[in-house]
Amino acid sequence: MTDKNELAQIGVVGLAVMGSNLARNFARNGNTVAVYNRSPEKTHALIEAHGEEGNFVPSETIEDFVASLERPRKAIIMVKAGKATDAVIDQLAEAMDEGDIIIDGGNALFTDTIRREKEVAARGKHFVGAGISGGEEGALNGPAIMPGGPKESWETLGPILESIAANVDGTPCVTHIGPDGAGHFVKMVHNGIEYADMQVIGEAYQLLRYGAGMEPAEIAEVFREWNSGDLDSYLIEITAEVLAQKDPETGAPLVDVIVDAAGQKGTGRWTAINGLELGVPITGIAESVFARALSSSTAQRSAAQEGHLPSGTITELDVDKAEFIEDVRRALYAAKLIAYSQGFDEIKAGSEEFGWDVDPRDLATIWRGGCIIRAKFLDRIRAAYDNNADLPALILDPYFKGELEDLIDPWRRVVVAATQLGLPAPVFASSLSYYDSLRAERLPAALIQGQRDFFGAHTFQRTDKSGTFHIEWSGDRGLTQTD
Ligand code: 6PG
């Protein structure tokens, strides 16, 4: 239904699939939605195909679009992140009045969001960078939404976003994350965790396929079973679907006809870069980004295959298949746990750096539904932060510590097996090193400090007294205190 005289509670600019689906979700949930797209064909197509789902107010100019919104006006931008976003923000800010709210629902880089918020605020309007997760289906049926921006915008926006968000046990999967770029920052880390989650699933598949010699359809069944336990999650569920799928053209397992070069649009990379900048060891996420990059280094990979790099001695798997499957399940669970623990570390560090006061409990709550990383295990993460809001690391929570007691031996066995089988398992292996590094009483960092002092007089601290020290390496090798 369309009614030009009715004022809309919310507007959507940009009607590609995500924007259209979000507009339909608003309309289906009783909101009157203003819709605008630069080329009006998309607007017409939306109204033609779905106009009966609710109240839409279509416009062909941005001015008409803005005029069709009730005050304070609320417009969500769903255009391709980047320059297009700035152009639309400028047009909206021009046509809007003081106190109106511009929301960017794309995957924007949080530093852009911080900048945009300042610029829009200077023009007397509010700007909210909102991470929206759940893909096309989520946008239509209930995404997880992570809005940043000023708290007062949340008061106006909150109810309308709650009306379209996913819902778990009566709690909507949306909450105000924090000021300016906080929403897009946590969405970025969500995506980093998404990369790691997908990579560890991939590593488990690789081991079952080429280590245990199982066929994709058989592995699909294993994932189906795993989805009813600790690993219960959207990504495990869709993995079973993908593995069970046959290629409609050849009848071969679909996974065998897909080129093994993973793409990326950049959010995982941003998460890794930010982790490096903040000095947070998000090894699982970074390793997953590198794993995608390596998979896509096709020229180098074929040269390495043709040149037959030596494999060393490869041993066959010599354990019972059922036991190996269970070991792989536990290794996957452990590596996933590390990735989440590291992701939450990054959020904590980002929140401190930018003064956002992000509550990790909120994220564990709203990520339980709608988003790509939705998983049963987020309930446990929520409970962990309920018990101790200042947990030094998620894996130090007593529940997860208890889980790790059960996971650690199988995890070690799987990393050893992968090494002996000559199969890559970068996140399984590096997460285990991260874990052992955290546990280690002494790290080789002491030696690195000694080396730094040797070649650059970079000084070091001592374990037995405070102060800063240097050894006269090229002189009498005596100790001097520099501070
Ligand atoms: C989501 C997803 C989504 C992301 C895609 C693509 O939460 O709905 O994270 O926002 O854009 O998954 O990511 P890559 O192309 O980088 O894999």
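Read the numbers this way: they start at 1 and go in the same order the structure lists the ligands and their atoms.
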Check: Under 4.0 Å between a Lys/Arg side-chain N and an Asp/Glu carboxylate O for D397 and R380?
Finding: no
Margin query: Is there a polar contact between ligand 1 and Q264, counting only N or O atoms under 3.5 Å apart?
Written below: no
Next item on the list: Quick one: look up the protein heavy atom nearest atom 11 (O) of ligand 1 and list residue, atom name and how far away it is.
Entry: N107 ND2, 3.1 Å
Notebook entry, point to check: In the protein, what heavy atom is nearest to atom 15 (O) of ligand 1, and what distance, to one decimal place, separates them?
Noted result: K265 NZ, 3.1 Å
Notebook entry, point to check: Does the pair R330/E326 count as a salt bridge with the N-to-O cut at 4.0 Å?
Noted result: yes
Checklist line | Element-labelled atoms of ligand 1 that are located less than 4.0 Å from some non-hydrogen atom of K187 | finding: 1 (C), 2 (C), 3 (C), 7 (O), 9 (O), 10 (O)
Check: Any idea which heavy atoms bring A364 and F344 closest together, and the distance?
Finding: N-CZ, 4.3 Å
Item checked: Parallel, tilted or perpendicular: rings of F377 and Y333 (30°, 60°) -> perpendicular
Checklist line | Residue and atom name of the nearest protein heavy atom (relative to atom 16 (O) of ligand 1), distance in Å to one decimal | finding: Y195 OH, 2.5 Å
Check: With a 4.0 Å cut-off on heavy atoms, is C371 touching ligand 1?
Finding: no
Item checked: Reference residue I76; test side-chain contact (heavy atoms from CB on, under 4.5 Å); the match among D104, I10, I160 -> I10
Margin query: Please list the nearest protein heavy atom to atom 7 (O) of ligand 1 with its residue and the distance rounded to 0.1 Å.
Written below: S133 OG, 2.4 Å
Item checked: Numbered atoms and elements of ligand 1 in range of N191, under 4.0 angstrom, heavy atoms -> 4 (C), 7 (O), 9 (O), 10 (O)
Check: For the side-chain contact (heavy atoms from CB on, under 4.5 Å) test, which of R269, E353, E346 pairs with N274?
Finding: E346
Notebook entry, point to check: Is D112 salt-bridged to R115, going by a charged N under 4.0 Å from an acidic O?
Noted result: yes
Note to self: Starting from atom 2 (C) of ligand 1, what is the nearest protein heavy atom, named by residue and atom, and what distance separates them?
What the structure shows: E194 OE1, 3.4 Å
Next item on the list: Take Q199 and E287 through the side chain to side chain contact (heavy atoms under 4.5 Å, CB included) test and state the conclusion after the steps.
Entry: CA-CA 9 Å; Q199 174 66 23; E287 199 68 69; over 6 Å; no
Check: Going by the order shown, which atoms of ligand 1 are within less than 4.0 Å of some heavy atom of H190?
Finding: 7 (O)
Margin query: Under 6.0 Å from the ring centre and within 45 degrees of the ring axis: does the NZ or CZ of R361 meet both conditions for the six-membered ring of Y385?
Written below: no
Notebook entry, point to check: Does any non-hydrogen side-chain atom of I373 lie less than 4.5 Å from one of S233?
Noted result: no
Check: Can a non-hydrogen atom of G268 be found less than 4.0 Å from any atom of ligand 1?
Finding: no
Next item on the list: Look at atom 17 (O) of ligand 1 and say which protein heavy atom is nearest, naming residue and atom and giving the distance to 0.1 Å.
Entry: R292 NH1, 2.8 Å
Next item on the list: Check whether any N or O atom of G263, backbone or side chain, sits under 3.5 Å from an N or O atom of ligand 1, and answer yes or no.
Entry: no
Notebook entry, point to check: Near G135, which atoms of ligand 1 are under 4.0 Å from a heavy atom of that residue?
Noted result: 8 (O)
Check: So is I372 polar-close to ligand 1, meaning N/O to N/O under 3.5 Å?
Finding: no
Next item on the list: Have a look at ligand 1 and work out which part of M198, if any, has a heavy atom under 4.0 Å from it: side chain, backbone, both or neither.
Entry: neither
Next item on the list: Starting from atom 8 (O) of ligand 1, locate the nearest protein heavy atom and write down its residue, its atom name and how far away it is, to 0.1 Å.
Entry: G134 N, 2.9 Å
Margin query: Does the plane of the ring in Y435 sit parallel, tilted or perpendicular to the ring in W411? Use 30° and 60° as the thresholds.
Written below: tilted
